Amino acid sequence: MENPNIIVRVATADDKHYGKTITDEMESSAKARGTGIAKRSPEYVQLKMEEGKAVIAVTDKGEWVGFCYIEAWGHEKFVANSGLIVNPAFRGHGVAKAIKHRVFELSREKYPDAKIFGLTTGLAVMKINSELGYEPVTYSELTDDDEFWKGCRSCVNFDVLTSKNRKNCLCTAMLYDPVEKAKEEAEKKEAMKKATLSITTEPAHPQPQVLVAANGQMKHNKKARKFKENFKLFERWLRFKRFVLLKSGKEGVGGGSAPSSKKKFFFLFNLF
């Protein structure tokens, strides 16, 4: 296939004719993965285009390449970038990443104070999210809007979600909090300001900082683990999470291995 020029832009009402193609591909891709997403009609996707709450990718010849849209929940306190889909003929060329970045920018423009979140089972999407500043979170940190969770009914793993009282499922929850990001940025600027105002002499090989507690015990400061730097560990955690949730669904609550599995699960989650 020739390398066509791919244009990633905000969708408009002129793109409505792509609606059915997009929703058909969403459905077939979900079936192929063995997971589900909130099923949407062509009319719903077309409405997002009309509202300027969607991003589309097309070739310079008008062929559809990819799509994603914005949904607001909880009185616009939360925003989700949903329905990311790429035409199979154009996968593996960075289209998903380009769409995710553009829809993230659009979300920040339209809802600057909202928390942006996502639920996904795809490691590629998780990597893109982490680049944008998302962090893995528990489901309790997401919107409690029932309308959002109703969208999970079309997912093949909906019984897992309901059995866990909406506290966990095979999807990983990720969140971008603009307030927290602003605090982090302010702290970085303050640290840089202090660094330029003070003159310090650092040893060639700095030693770990040691703290002495009141009882005389010494404690070493540990470097905080970061999601981006520990993605391989996170990948193993995802596989273990899938094993635990699917196994517990088959064995029931009284399964003999459930307590130890839960301990391992929460230990791995807390590593981040």
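In what follows, residues are counted from 1 in the order of the sequence shown. Predicted model, so just to flag it, every value in this text is computed and none were measured. Side-chain atoms are counted along with the backbone in the values below, which use heavy atoms only and exclude waters and symmetry mates.
I56 and Y44 fall within a single hydrophobic cluster, where Ile, Leu, Val, Met, Phe, Trp and Tyr are joined by side-chain heavy atoms under 4.5 Å apart, directly or via other members. Hydrophobic clustering (side-chain heavy atoms under 4.5 Å, transitive across Ile, Leu, Val, Met, Phe, Trp, Tyr) groups L161 together with V137.
In summary, E190 and K193 do not engage in a salt bridge, as defined by a charged side-chain N under 4.0 Å from a carboxylate O. Ion pairing between a basic and an acidic side chain is recognised when a charged N comes within 4.0 Å of a carboxylate O; D145 and K77 show no such pairing. Salt bridge absent: E141 and K115 never bring a charged side-chain N and a carboxylate O closer than 4.0 Å.
When atom types are taken as modelled, the side chain of N87 and the backbone of W64 share a donor-acceptor pair closer than 3.5 angstrom. Side-chain atoms of N165 never come within 3.5 Å of backbone atoms of K167 as a donor-acceptor pair (strictly under, hydrogens ignored).
Residues L142 and L119 have side chains in contact (heavy-atom distance under 4.5 Å, counting atoms from C-beta outward). Between K97 and K100 the shortest side-chain heavy-atom distance does not fall below 4.5 Å. Residues E63 and F90 are in side-chain contact: their nearest non-hydrogen atoms beyond the backbone lie under 4.5 Å apart. Considering only heavy atoms from C-beta on, E25 comes within 4.5 Å of P88 through its side chain.
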For this session: Might you work through the salt bridge (Lys or Arg N to Asp or Glu O under 4.0 Å) test for E105 and R108, ending with a clear yes or no?
Result: CA-CA 5 Å; E105 292 171 1; R108 297 286 292 126; over 6 Å; no
Exercise. Where do E51 and Y69 land on the side-chain hydrogen bond (donor to acceptor under 3.5 Å, both in side chains) test, with the steps shown first?
Worked result: CA-CA 10 Å; E51 294 175 338; Y69 59 87; over 6 Å; no
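Among the candidates T21, L47, T23, I22, the single residue satisfying the side-chain contact (heavy atoms from CB on, under 4.5 Å) test with P42 is T23. Under the ring pair (Phe, Tyr, Trp, His ring centres under 6.0 Å) rule, F117 has a single partner from F148, Y134, Y176, which is F148. Each of K110, K53, K48, R40 was checked for a salt bridge (Lys or Arg N to Asp or Glu O under 4.0 Å) with E71, and the lone residue meeting it is R40.
Counted within 6.0 Å of NZ on K181, heavy atoms from surrounding residues, nucleotides or ligands total more than 12; the atom is thus considered enclosed.
Residue C171 holds its SG atom at 5.0 Å from OH of Y139, rounded to the nearest 0.5 Å.
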